[in-house]
There are 2 protein chains.
Amino acid sequence: MRRSERLIRVTQSLLEQPNQPVSLSDLAERLGAAKSSLSEDVALIRSVFHEDHSGVVQSIAGAAGGVKFQVRVPPARREAFENLLVARLSDPTRILPGGFLYMSDVLGDPEVLDIAGRLFAEQFAARDVQAVVTVETKGIPLAVATARYLRVPVAVVRRDHRVTEGASVSIHYISGSERRIQTMSMSKRAMPHGARALVVDDFMKAGATARGVMNLLAEFDAQVAGVAVFVATQEPAVKLVPEYVSLFNLGPLREGQKVILTPALPPAEP
Amino acid sequence: MRRSERLIRVTQSLLEQPNQPVSLSDLAERLGAAKSSLSEDVALIRSVFHEDHSGVVQSIAGAAGGVKFQVRVPPARREAFENLLVARLSDPTRILPGGFLYMSDVLGDPEVLDIAGRLFAEQFAARDVQAVVTVETKGIPLAVATARYLRVPVAVVRRDHRVTEGASVSIHYISGSERRIQTMSMSKRAMPHGARALVVDDFMKAGATARGVMNLLAEFDAQVAGVAVFVATQEPAVKLVPEYVSLFNLGPLREGQKVILTPALPPAEP
C-alpha cells in the first residue's frame, strides 16, 4: 500500500473511533505496513490536527503500542457555533409560558449536536469518563452526541418505571419548577457499579434534576465526573449541584422581549 | 501544503460531514491548493473507501463543484456486528415479564449505535431523507445515530404534551400491547411541513406506534421515506405499517429459554 493510501486509512481509523485505543500492531497487520511507517504517518496526522486544534493524537505506552484520537474544537469553529446559537435562540417567539425557552428544534439539529458533543468531550477529556447519564427526554440527543466522542455508553434515567427497563433503582426528589415530589429511576443494568459518570442535560434552572441524578448515581456507587448542560439560567445563581458547566447562560425571560443568551463554556482543561 | 497533509485534511473534511455537500472551491481556498490537485485527492480517497466498502464519495455537479461522503458498512464489519449482537441479546436473563426483551444497555452502547446508525443511513441513502422521527424514549439514541450520518434533524414524538414543546399537534392511537387509546404529540416547530421523514424506533411488535407516527406525520404533510427498527418480532407477521426494515427479527420469548434472534436487514439499495 502506498503512503498516500495509508494516510487516508489511518486518518479514517482514528476519526471513526474517537477516544478509543487503536493498536499500531493491528493496524500494521491490517494495512500490510511496517510499524515504523505507521508511526511516521501518525506523527504527521498528529501535527495536522494539532495545527488547527481539531484533535489530539495521544500515544499509548504498553506492549502493543497504540494511539488514541481525542476530538477538539478549533477556536474559530467554536466562536462561529456560539454566535450562530445565540442568534438562533434569541428569537422572542421561543419564549414559552412559565419561563421556558423552546429549544427542541436546536437540540435535534445534527450540526449543533455534533459540535456540542465535541465541546463537552473536549471539556471532560482528562476526567476519564466511563459513562454519560441523562434524564429523558430532551437531554438524550446531546448525551448521545457527547458519548459518541468519549466512546462510552449512555444511560438514560426514566421519570417513570417501565417494564422494559427490568429491575430498577428509584429515588424521589423535589422538582425545582413544580415544587413537588417526583420519581426518577434507572435500570440496574444500565450502568456498571462504580463507574465515573458525566451528567448531561439540556436545561438547568435550580439544578434539582441534576441533583436528583447525582443522588441516583450514588445508589450505583458511581462517581460524578462532571455535570454539563446546554443552557443554564442565570437565576438562581446558586444551583443545587456543587459544580457544572453550561454552553450558554440564559437571562430572565419576558414575553415579547429579546432573549439574553451568553456563551458560558470555560476554556477546556489542557 | 504538501500532498500528504492535504490528503489528511480532505479525508477529515469528508468524514466529519457525512451526507453534506463539500465545495471543492471552498476547500481549495481553505487549504491553499489548486482545484485540480484536490480532485486528484478526492479520486484517491474515493477509491480507498470504495475498496473496503466503507464509504462512497459522490461528485456533485454545479457551478461550484463539490463532493459528498456517504457512509457504508464493510460486509465483514456488518457480519461481526450482527453476530456479536445476536450473542449478546440471546441471553435468557434479558427476558422481561410481558414478552419484552431488555435492550437498554445495548441501545446505549456507542459502538452499537454507531454501526446501527451507519447501517440505517446506508439503507436509506438513496431516499433523500430530510428528517428522522422517533418516539420517546428508547428509540432516541438510535435515531440520533442515524441522523448523524444522514446529516438531518431528529424530531422526537412525545407521549405526553409538555409545556417546553410549545404548540403541538396531537393524535390518538390504540397501542398494540396494552389495547388502549394513547396520545402522541409533536411540536409544530419540530419538523418543516412536507419533509421526507425516516421513522426510527427500537422495537416493533404489531407496529401500532410506528403507524401512529405515520398518522402524526400526515398532519405535518410529511412523506414517509421509510420505517427502520432495531428489533421486530416475528409475530404478528403482518404489521400495521405497509413496509419496514429491522436489524433483527425476534422469535417468541419464553422465560428461561434462549432468545431466538436473527439478522434481518436486507442488503442496501445500490
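Residue numbers start from 1 in every chain, and the chains themselves are labelled A, B, ... in the order their sequence lines are given, proteins ahead of strands.
- Separating the CD atom in B:Glu111 from the CZ atom in A:Arg151 is a distance of 4.5 Å, to the nearest 0.5 Å.
- When B:Val112, B:Asp109, B:Val152 are compared by the number of non-hydrogen pairs under 4.5 Å with chain A, B:Val152 comes out ahead.
- The line from OG of A:Ser47 to CD1 of B:Ile8 is 7.0 Å long, rounded to the nearest 0.5 Å.
- Looking at A:Val48, the atoms closer than 4.5 Å to chain B (heavy atoms on both sides) sit in the backbone and in the side chain alike.
- Contact of the B:Gln17 side chain with the A:Pro110 side chain is not registered, since no non-hydrogen atoms from C-beta on lie closer than 4.5 Å.
- Ranked by heavy-atom pairs shorter than 4.5 Å toward chain A, the options B:Thr137, B:Ile140, B:Val163, B:Val154 are led by B:Thr137.
- A donor-acceptor contact closer than 3.5 angstrom is absent between the side chains of B:Thr11 and A:Gln12.
- Put simply, the side chain of A:Val144 reaches to within 4.5 Å of the side chain of B:Pro141, judged on heavy atoms.
- Interface remark: A:Leu15 contributes side-chain atoms only to the contact with chain B (heavy atom separation under 4.5 Å).
- Side-chain contact between B:Asp52 and A:Arg9 is present, with at least one heavy-atom pair separated by less than 4.5 Å.
- A heavy-atom distance below 4.5 Å is not found between the side chains of A:Arg6 and B:Leu7.
- For the set A:Gly55, A:Ala167, A:Ser4, the count of heavy-atom pairs under 4.5 angstrom toward chain B peaks at A:Ser4.
- Note: A:Ser187 leads A:Ala131, A:Gly98, A:Pro97, A:Ser187 in heavy-atom pairs under 4.5 Å with chain B.
- Contacts of A:Leu96 with chain B are made by side-chain atoms alone, with heavy-atom separations under 4.5 Å and no backbone atom involved.
- No other option in A:Ile45, A:Val156, A:Asp105 has as many heavy-atom pairs under 4.5 Å with chain B as A:Ile45.
- With contacts defined as side-chain heavy-atom distances shorter than 4.5 Å, the pair B:Leu44/A:Arg2 qualifies.
- Of the listed residues (B:Glu5, B:Glu51, B:Met1), the one with the most heavy-atom contacts under 4.5 Å to chain A is B:Glu5.
- One distance of note links CG of A:Asp114 with CD of B:Glu16; it measures 7.5 Å at 0.5 Å rounding.
- Of the atoms belonging to A:Leu113, it is side-chain heavy atoms, and not backbone ones, that fall under 4.5 Å from chain B.
- Minimum interatomic distance between B:Glu165 and A:Tyr102 (heavy atoms only, all atoms of both residues): O-CE1, 3.4 Å.
- Side-chain contact annotation: A:Thr93 with B:Arg189, donor-acceptor N/O pair under 3.5 Å present.
- Between chain B and the options A:Arg3, A:Gln20, A:Arg118, heavy-atom pairs under 4.5 Å are most frequent for A:Arg118.
- Ion pairing between a basic and an acidic side chain is recognised when a charged N comes within 4.0 Å of a carboxylate O; B:Arg158 and A:Glu136 show no such pairing.
- Residue A:Asp202 holds its CG atom at 7.5 Å from OG1 of B:Thr164, rounded to the nearest 0.5 Å.
- Looking at A:Ala155, neither its backbone nor its side chain comes within 4.5 Å of chain B, counting heavy atoms on both sides.
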